[in-house]
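This report concerns only the one structure given below.
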Amino acid sequence: MYQQIKDLSLFEQVEAMTESLVETLSINGTTGEVDIAEKVEQILRSFPYFQQHPEAVWTQALPHDHLGRKNVFARVKGTGNSKKTVIFHSHIDTVGIDDYGKQIGMANNPKELLHFFSQWDGSQEVQEHAQSGDWMFGRGALDMKSGVAVHLSNLLYFSQHPDEVDGEIIFMANPVEENQHTGVIAAVDELIRLREEEKLQYVVAINNDYISPLYPGDPKKYIYTGAGGKLLPCFYVYGRETHVGQTLNGLDPTLVTAELNRRINNNMDFTEQVDGEMVIPPSALYHRDTKSFYNVQTSVTSHLYFNVMVLEASPQDIMKKLKETAVSTAAWTRDYYIQQYTQFAQSNDFPDMMPSWEMDVYTYEEFCEKLSAQGVDVKQVTAKVVEENSGMELRQLCFEIVDRLRQLDDSGKPCMVIFYAPPYCPHNYLKGDSKGDQEVLQVIQNVTAKCEQEKGEVFAVKRFFPYLTDSSYLSLHDTDEEVASLIDNFPEWERIYPVPVKRIRELNVPAINVGVYGLDAHRWTERVYKPYSFDTVPKMIREMTGQWLGQSK
């Protein structure tokens with residue numbers, strides 16, 4: 001790759017490497033994630049510095065990964081003896097390409113897509129962008145192979161100009177960002193190993209995951225000094241099945257989950273109010289009953305889970321609010337059935353002898369305590385479920401655990417059980433209460449002010465990256481008590497999703513995001529804006545890195 005880009009401008013280098021990376025499909029959950037890691041490693045090894053120092057490029061296999069996915073690392077040392085180190089990191093996987101429909105064959109071909117969209121009349125804006133020549137289309141062009149290319153171009157630059165930094169730069173490219181984040185989770189141990197063996201002093205980790213306008217006409221470019229977190233709260237609802245001819249004698253769990261969905265899904269009352277930060281309401285990612293075939297029996301159980309973005313709230317805070325909503329929903333369900341049964345009895349001249357529609361509500365921790373009091377060996381049961389269902393989709397495995405436990409409940413009473421399932425993304429941000437934080441923030445201020453003056457850009461520095469990001473796993477702000485509350489309400493945490501919270505807290509690297517810019521990530525019209533992403537962003541990161549490592553010119 002180096003021979004193809006060595007005489008190109010910075011813009012042209014990033015453009016060429018972005019296109020090359022897009023051409024290698026790396027859909028999450030496929031061997032394409034292995035292919036793209038090998039592509040990145042190949043690009044790195046083509047650089048003269050790494051031909052002279054081949055040991056400075058290496059890979060780390062993800063533990064127990066069925067696809068053989070791996071992280072890619074590289075190190076560039078500047079002049080001098082400083083151990084100060086800046087981390088460049090990006091993710092290399094993408095979402096799927098089914099959304100491209102008839103154009104699926106060109107999903108990874110930016111040139112063909114550019115030609116297609118320049119003639120496409122489905123959107124005037126998209127057509128104009130394609131005709132302008134300022135945008136690159138393709139799966140991953142925005143999210144986030146252009147970001148990988150930016151870091152590669154800067155790594156090449158610093159490898160050729162080591163006198164501009166006194167310290168080190170570590171580059172890492174991680175798979176599995178689009179769902180389980182196991183790439184960066186595995187990288188935590190590798191980063192700690194490097195720090196301990198080489199006595200490194202991590203200053204900051206720079207991610208360049210994509211940014212977009214937050215509303216139509218938004219003129220700002222956003223720099224984020226932290227990462228929002230994510231929880232996946234789940235509702236297991238066990239009702240009382242019945243024949244449809246006696247429907248009001250039962251308790252339909254789908255009615256309960258439907259009401260929970262109505263109360264929680266996209267409800268702004270569930271968002272945190274943090275001054276100056278974008279808040280995102282929860283959204284339902286899964287909602288269905290568990291019937292596997294048609295019959296005239298009402299459903300026995302129904303499952304529902306939500307994506308909940310977290311800025312400063314703890315798992316305890318979220319669980320408390322969810323349980324309050326669940327208790328209120330149970331009361332609403334009871335009252336609804338009473339109202340309907342009363343009308344039903346009157347219409348049919350039946351005696352007013354109605355069944356009970358009371359429903360108990362538990363957190364997972366509370367439900368386990370209840371079963372333990374009945375003599376159930378909860379840990380033995382849950383461990384057996386995991387052993388018997390190797391390979392099951394992880395969230396379904398959590399529901400299977402709760403269902404197995406519910407079957408052992410002596411009461412047999414309708415109930416709701418609320419629990420957490422993977423993924424769990426910690427939240428973190430630069431608090432500015434340490435010298436290191438202040439130095440990082442000062443450099444961001446210096447560089448953005450300079451860019452505003454020279455380029456006419458308008459920047460806004462925010463604390464929380466509003467989308468999910470691997471940066472969540474580089475430091476941890478939740479207390480031990482808050483993490484313990486999460487784990488206690490997470491079925492088989494150690495086997496299903498053992499996020500190394502102690503190691504993340506030990507690593508504790510400030511993580512910022514200086515992102516490439518574009519539109520429609522995760523849509524077939526995904527595109528990256530080249531003038532800002534291929535020129536301004538790499539220059540800003542280059543300038544920041546030079547200032548943090550002490551020899552900026």
Side-chain angles (χ1 to χ4, degrees), residues 20-45 57-74 89-100 104-105 107-108 138-141 143-145 147-149 151-152 171-191 193 207 209 230 232 285-286 386-398 400 421-425 468-474 492-500 503-504 521-522 526:
S20 177
L21 292 169
V22 171
E23 287 171 352
T24 300
L25 282 174
S26 56
I27 298 169
N28 178 272
T30 72
T31 55
E33 292 188 83
V34 179
D35 297 337
I36 196 66
E38 293 174 350
K39 181 70 165 286
V40 171
E41 183 181 4
Q42 180 186 46
I43 292 172
L44 288 166
R45 293 196 181 278
V57 176
W58 72 101
T59 62
Q60 175 200 25
L62 271 57
H64 315 296
D65 188 81
H66 69 289
L67 293 173
R69 290 171 288 195
K70 53 192 174 183
N71 293 317
V72 182
F73 289 88
H89 75 105
S90 304
H91 74 82
I92 50 178
D93 60 321
T94 73
V95 294
I97 58 174
D98 290 346
D99 52 328
Y100 282 82
I104 194 169
N108 63 328
R139 176 58 76 231
D143 185 17
M144 61 168 293
K145 290 178 178 178
V148 179
H151 279 336
L152 287 170
F171 166 90
M172 69 173 184
N174 309 113
V176 209
E177 190 269 356
E178 294 292 356
N179 58 359
Q180 306 289 23
H181 302 276
T182 51
V184 71
I185 289 172
V188 169
D189 280 340
E190 187 69 1
L191 292 172
R193 180 190 70 80
N207 196 353
D209 212 339
K230 167 180 172 155
L232 195 85
L285 293 179
Y286 185 94
V386 174
E387 291 171 2
E388 292 175 348
N389 293 278
S390 175
M392 179 178 282
E393 200 273 340
L394 295 182
R395 283 138 293 274
Q396 291 306 309
L397 180 56
C398 291
E400 181 68 20
Y424 156 62
C425 302
L468 300 176
T469 169
D470 277 347
S471 298
S472 286
Y473 297 90
L474 299 182
E492 283 291 321
W493 164 276
E494 290 298 335
R495 294 189 181 203
I496 291 178
Y497 201 64
V499 175
R503 296 288 276 174
I504 293 172
H522 293 203
E526 174 182 359

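What's counted below: heavy atoms across the whole structure, side chains too, no hydrogens, waters or symmetry copies.
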Drop me the distance from Ile504's CD1 to Leu474's CG, to the nearest 0.5 angstrom.
8.0 Å
When rounded to the nearest 0.5 angstrom, what is the spacing between CG in Leu44 and CZ in Phe73?
12.0 Å
Are Ile36 and Asp93 close enough that some pair of their side-chain heavy atoms sits under 4.5 Å apart?
no
With Leu21, which of Ile92, Val148, Thr94 fulfils side chain to side chain contact (heavy atoms under 4.5 Å, CB included)?
Val148
What's the spacing between Ile185 CD1 and Cys425 SG if we round to 0.5 Å?
8.0 Å
What pair of heavy atoms forms the shortest contact from Gly68 to Val34, and how long is it?
O-CG2, 3.6 Å
Any non-hydrogen side-chain atom of Thr24 less than 4.5 Å from a side-chain atom of Glu38?
no
Does one side chain, of Lys145 or Ser26, offer a donor that lies under 3.5 Å from an acceptor on the other?
yes
Within the structure provided, determine whether Glu178 and Glu33 are in side-chain contact (heavy-atom separation under 4.5 Å).
no
Side chains of Leu67 and Thr30, heavy atoms from C-beta outward: is any pair under 4.5 Å?
no
Is a side-chain donor or acceptor of Lys39 paired with a backbone partner of Glu23 at a separation under 3.5 angstrom?
no
Roughly how far apart are Glu526 CD and Tyr100 OH, rounded to 0.5 Å?
5.5 Å
If we count only N and O atoms by modelled type, under 3.5 Å, do the side chains of Asp143 and His91 hold a donor and an acceptor together?
yes
How far apart are the closest heavy atoms of Val72 and Ala37, and which atoms are they?
CG2-O, 3.5 Å
Just so I know, are the side chains of Leu285 and Arg395 near enough to count as touching, which here means a heavy-atom distance under 4.5 Å?
no
Heavy-atom nearest pair, Gly140 first then Val22, reads C-CG2, 4.2 Å
For residues Ile496 and Pro422, report the shortest heavy-atom separation together with the two atoms involved.
CG2-CG, 4.0 Å
Quick check for you: to the nearest 0.5 Å, what is the distance between Gln60 atom CD and Met172 atom CE?
9.5 Å
Parallel under 30°, tilted from 30 to 60°, perpendicular over 60°: which one fits the rings of Phe171 and His151?
perpendicular
Which of these, Asn174, Val40, Thr59, sits in a side chain to side chain contact (heavy atoms under 4.5 Å, CB included) with Asn71?
Asn174
What distance separates Asn207 CG from Glu177 CD, expressed to the nearest 0.5 Å?
8.0 Å
Heavy atoms, side chains only, cut-off 4.5 Å: are Ile97 and Asn108 in contact?
no
When you compare the side chain of Tyr473 with that of Thr182, does any pair of heavy atoms fall below 4.5 Å?
no
Side-chain contact, heavy-atom cut-off 4.5 Å: Arg139 with Asp99?
yes
Look at the side chain of Arg45 and the backbone N and O of Val57, then say whether any donor-acceptor pair between them is shorter than 3.5 Å.
yes
